[in-house]
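The first residue in the sequence is number 1, and the count goes up from there. FYI, side chains are in, hydrogens and waters are out, and symmetry mates aren't considered; it's all heavy atoms of this structure.
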Amino acid sequence: MTAITGVSDRTFGLFLNMGANLAPTTAGVFDLTLREADAAEQLGYDELWVTEHHFIRFGINPSALTTAGFLLGRTERIRVGTAVTLSPLLHPVEMAERSALLDQLSGGRFSLGLGRGGYRKDYDVLGVDFARWDDEPASSARQILTHWAPESDLQPAPLTQPHPELLLGTTGAAGLELAARNGLALQHYFAMPAEPRVQIEQAYRSFDPVGDPRHLHTLTVIVDDDPDIRHRLEKVALQSFKDGDHPHVPQAPEFHVGPDGKPLTSEDQVKMAVHAAIVGSVEQVVDGLGRFIETTGARRLAFYAEAIADADITMRTITDLAEKVIPQL
């Protein structure tokens, strides 16, 4: 029942994106989400992480906080977090209140991860000024921490002290400094190669961080013996990224650049994501994860097994990781 528990000092979880390509119907997508959550609880995974998107098929969950609340109520042991809640689109007080509520109701099993997204339509439809993108997620994180403080009149007060876990999906200096000064963990984007993650954490450490938080490494991992599995993943990813390739806020494109300093196209991002993915047989995945952990020093990982857009392979991957891969790490 608990294949993972006690096999490592690392933390292992699942990254649940809920793409429309996972099933013929919306109901089928969310049914798979629940199957994954149930399996994770039974197999001994430590965490579940849910994403948030609006108006795109790449991910059809528009409220990470709502889905996290449902999964917390469905489970008994596992931690559930957001990866990420789109902080520019919500009021900081709303995020602080709802997170404190989930913290209380779940007995301290909720983690709030913040990021800023950047799709223009989100801002247009929800009436949010583009300028708010510039200061996020640091601005919201700062305010949330203030509202969680003991002297705040926020109701309910958080159960977890000094406050519920707060993570930031950020690479900018301001966000990294705020995270470090407050002992907040970072969240790494699943498509990011190992080397830039190392550089980001080096920048984080330059701000003399408080404590030793475990940064969250989300990454695509598929366990399958098909020698063509990476090519299959690339085909799926091309369509998936196309589904998510919508106009960004004016400031966003300059932040999505490659090693040469030029903006990344959706095809560039697919190549980066597929190259960074760890796929193959059990032995190949053990080796790949071992190299990734050695390079990054990762102590907290969340596997994106949905990326292949095949429910059977996703569920087999979740089981094989727990029963065959993680015990060998």
Name each donor-acceptor pair under 3.5 Å that joins a side chain in residues 97-104 to protein atoms two or more places apart or in another chain, with its distance.
unit_1	atom_1	unit_2	atom_2	d
Arg98	NH1	Glu94	OE2	3.3
Arg98	NH2	Thr66	OG1	3.2
Ser99	OG	Met95	O	2.7
Asp103	OD1	Thr160	OG1	2.6
Asp103	OD2	Leu159	N	2.7
Asp103	OD2	Thr160	N	2.7
Asp103	OD2	Thr160	OG1	3.4
Gln104	NE2	Ala157	O	2.8

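Screening residues 13-31 for salt bridge (Lys or Arg N to Asp or Glu O under 4.0 Å), with sequence neighbours left out, gives no hits. Pairs passing the side-chain hydrogen bond (donor to acceptor under 3.5 Å, both in side chains) check and including a residue from residues 143-156, sequence neighbours excluded, read Ser139-Gln143. Pairs of residues two or more places apart, or lying in two chains, that qualify as ring-ring contact (aromatic ring centres under 6.0 Å, His included) and include a residue from residues 276-295 are His217-Phe292. Residue pairs meeting the ring-ring contact (aromatic ring centres under 6.0 Å, His included) criterion with at least one member in residues 77-105, sequence neighbours excluded, do not occur. Pairs of residues two or more places apart, or lying in two chains, that qualify as side-chain hydrogen bond (donor to acceptor under 3.5 Å, both in side chains) and include a residue from residues 185-196 are His188-Glu201.
Residues passing the side-chain contact (heavy atoms from CB on, under 4.5 Å) test with Ala273 are Ala191, Phe241, sequence neighbours excluded. Taking Leu71 as the reference, Leu16, Leu34, Ala37, Leu48, Val50, Thr67, Val80 meet the side-chain contact (heavy atoms from CB on, under 4.5 Å) condition, with sequence neighbours excluded. Residues that satisfy the side-chain contact (heavy atoms from CB on, under 4.5 Å) test with Asp129, not counting sequence neighbours, are Ala131. Shown here are the side-chain contact (heavy atoms from CB on, under 4.5 Å) partners of Ser111, two or more places apart in sequence or in another chain: Trp49, Arg79, Glu165, Leu167, Arg300. Under the salt bridge (Lys or Arg N to Asp or Glu O under 4.0 Å) criterion, Glu136 pairs with Arg132, not counting sequence neighbours.
Cluster partners of Val125, by chain and number: Phe55. The rule joins Ile, Leu, Val, Met, Phe, Trp and Tyr whenever side-chain heavy atoms lie under 4.5 Å apart.
Using modelled atom types, one side-chain atom of Arg10 and one backbone atom of Ala298 make a donor-acceptor pair closer than 3.5 Å.
The side-chain heavy atoms of Arg120 and Pro250, taken from C-beta on, include a pair separated by under 4.5 Å.
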